[in-house]
Undergrad: 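The structure follows.
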Protein chains: 2
Amino acid sequence: MLRPAGRRGLAEEAADRIRDAIFGGDFPPGSALREVDLAAQLDVSRGSVREGLAILEREGLVQSEWHRGTKVIDLTARDAEEVYSVRAALEGLAGRAAIGRVDLTALTRLVDTMAGGLADGVPSENLLALDIEFHDTIYQATANRRLIEAWYAVRSQVYLFQLTRIRLGHNEYRAVVVDEHRQMVKLLERGEAHAVTRFAEEHVHSALRALTEQLSP
Amino acid sequence: MLRPAGRRGLAEEAADRIRDAIFGGDFPPGSALREVDLAAQLDVSRGSVREGLAILEREGLVQSEWHRGTKVIDLTARDAEEVYSVRAALEGLAGRAAIGRVDLTALTRLVDTMAGGLADGVPSENLLALDIEFHDTIYQATANRRLIEAWYAVRSQVYLFQLTRIRLGHNEYRAVVVDEHRQMVKLLERGEAHAVTRFAEEHVHSALRALTEQLSP
DNA sequence: GGACGTCCTAATGTCAACATTCAGACATGT
DNA sequence: ACATGTCTGAATGTTGACATTAGGACGTCC
């Protein structure tokens, strides 16, 4: 009943800090991440920072070039399209595979918390955290390690894109989050694979549409 | 017209050598990859080997645990199911996105080479290399970097699984490769997204079935 | 003024020494 | 015999020094 206890190294720690800093806006898209600076700020060796940056590159949050350093990714409309088209395929598969395995009460609780927060005027960033946790729960339920890996490879990028969606698009996000996720729970409960797949994909595509409207003009 | 010239570091080099060794059977599934040994054999520092192993972990070929070293992945039926279900979703998306962009003559040439090799009694390993190149071509044509990344995250595992399919299953692979890929080209030419998606997914699932028949009994 | 070659600097790439952790062998006590 | 505690060796984790590279600043030549 006990999950294996995991120790962590400085690289994971560094990756966490840098990721949070990127989400927090300390390193805007396109900015350079210098290993020496990061090492000094985090008080770890450059080697550990390097390894941490490799983790973030795996998540697609940053990009490294030979002897040219690593930069935070850009957030162009094309990038959004790439990320969300892959995400749609993954969410479709995940939804299908999660039928009969997800803890529906846990999902409902998450949606209820979102609804409550929405009514109480909680900042959209917090709703987004619940949003992601909702999808994490589904992926975990599939117990498909490769699928979960593939999700992690876009998750941070999704997070970053959704943050800009929130920050640029006023209340558009708040207007749809709760309903869309509650609908997803309902379909998962009904258990029709085809319907779940289609809705999950549509859920992602609608997010993309909302985003591109704010990126291009 | 010129692609940017890419320099490479020792880490990529090390990753290539180790990957080839795994494919070649020098490190069977489950075996340990000791950094000191590898560093000595490759005549590079442990740091570079470490970074190379991180690359292979990104490809899903090996798995590392904190202070417990890295091992080559296992090839259980469950692992095959995980890899191929994700691959099916990706191939479906890739096929759809490649319509109208992929170089159909290049694909045809690949299939023809396969057919010729099949008739000439070329080893199945070579056919497999062409098989993978066929799919690489499709993914590249999509110009979707995230999709290509996701493909790279399963590609080496697919390679390894297909190698065991070849080595255990005598001529089952040779009997279907050419026809399936020629059919794929035909559908890509016709350009109906739904048909391409469905066939690409089925193509992967049939490979999974052939594989599980040889892994479980 | 523009094309070219030469430095110089600031960053990354590589390495070898040191620190830490794990897993098993062994001993001890009950 | 079993459980527990201790030790040890072999591996990984971490670090700081050194090597290499990219790209700009500068000067020269035409």
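These numbers were taken from a predicted model, which means no experiment stands behind them. Quick note on labels: first sequence line is chain A, next is B, and so on, each numbered from 1.
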Undergrad: Report the distance from atom CG of Asp43(B) to atom C1' of dC15(C), rounded to the nearest whole Å.
TA: 12 Å
Undergrad: Once you round it to whole Å, what is the distance between P of dT21(D) and CG of Leu10(B)?
TA: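 Nearest whole value for this atom pair: 11 Å.
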Undergrad: Nearest nucleotide by nearest heavy atom, which residue falls closer to the 5' end of DNA chain D, Asp37(B) or Gly47(A)?
TA: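 It is Asp37(B), whose closest nucleotide lies nearer the 5' terminus.
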Undergrad: OP1 or OP2 of dG13(D) sitting under 4.0 Å from any side-chain N/O of Ser48(A)?
TA: no
Undergrad: Using a cut-off of 6.0 Å, state whether more than 12 heavy atoms not belonging to Arg17(B) lie near its atom CZ.
TA: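 No - once you tally the heavy atoms of other residues, nucleotides and ligands closer than 6.0 Å, there are 12 at most.
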Undergrad: Tell me the interatomic distance from Glu13(B), atom CD, to dT14(C), atom P, rounded to whole angstroms.
TA: 10 Å
Undergrad: Quick check for you: among dG16(D), dA11(C), dG13(D), whose closest atom lies nearest to any side-chain atom of Trp66(B)?
TA: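 Given the options dG16(D), dA11(C), dG13(D), the side chain of Trp66(B) is closest to dG13(D).
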Undergrad: Rounding to an integer number of Å, can you tell me how far Glu35(B) CD sits from dC15(C) C1'?
TA: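 Rounded to whole Å, this separation is 14 Å.
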Undergrad: Between Arg34(A) and Gly9(B), just flag the one whose closest nucleotide in DNA chain C comes earlier from the 5' side.
TA: Arg34(A)
Undergrad: For Leu53(A), report the nucleic acid contact type (base, sugar-phosphate, nothing); a contact means any heavy atom under 4.0 Å.
TA: nothing
Undergrad: In whole Å, I'd like the distance from the CZ atom of Arg68(A) to the C1' atom of dA10(C).
TA: 15 Å
Undergrad: Can you tell which of dT14(D), dA11(D), dA22(D) lies closest to the side chain of Arg50(B)?
TA: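 The answer is dT14(D), which lies nearest to the side chain.
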Undergrad: Kindly indicate, with the supporting measurements, whether the criterion side-chain contact (heavy atoms from CB on, under 4.5 Å) is fulfilled by Glu81(A) and Thr212(A).
TA: CA-CA 8 Å; Glu81(A) 210 168 327; Thr212(A) 39; 5.5 Å; no
Undergrad: Base, sugar-phosphate, or nothing for Arg7(B), non-hydrogen atoms under 4.0 angstrom?
TA: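 It contacts sugar-phosphate atoms only.
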Undergrad: Take the protein atom CD of Glu12(A) and the nucleotide atom P of dG13(D), then report the distance between them rounded to whole Å.
TA: 9 Å
Undergrad: Could you tell me how far apart Glu65(A) (CD) and dA22(D) (C1') are, to the nearest whole angstrom?
TA: 11 Å
Undergrad: Under a 4.0 Å N-O cut-off, is there an ion pair linking Glu149(A) with Arg58(A)?
TA: yes
Undergrad: Taking only side-chain nitrogens and oxygens of Ser45(B), does any of them come within less than 4.0 Å of OP1 or OP2 of dT14(C)?
TA: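 Result: no.
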Undergrad: Are the side chain of Glu82(A) and the backbone of Arg78(A) linked by a donor-acceptor contact shorter than 3.5 Å?
TA: no
Undergrad: Name the residue closer to the 5' end of DNA chain D, choosing between Arg46(A) and Glu51(A) according to the nucleotide with the nearest heavy atom.
TA: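 In this pair, the answer is Glu51(A).
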Undergrad: Answer yes when Lys71(A) and Glu65(A) have at least one side-chain N-carboxylate O distance shorter than 4.0 Å, and no when they do not.
TA: no
Undergrad: Which whole-number value in Å describes the distance from His67(A) NE2 to dT14(C) C1'?
TA: 9 Å
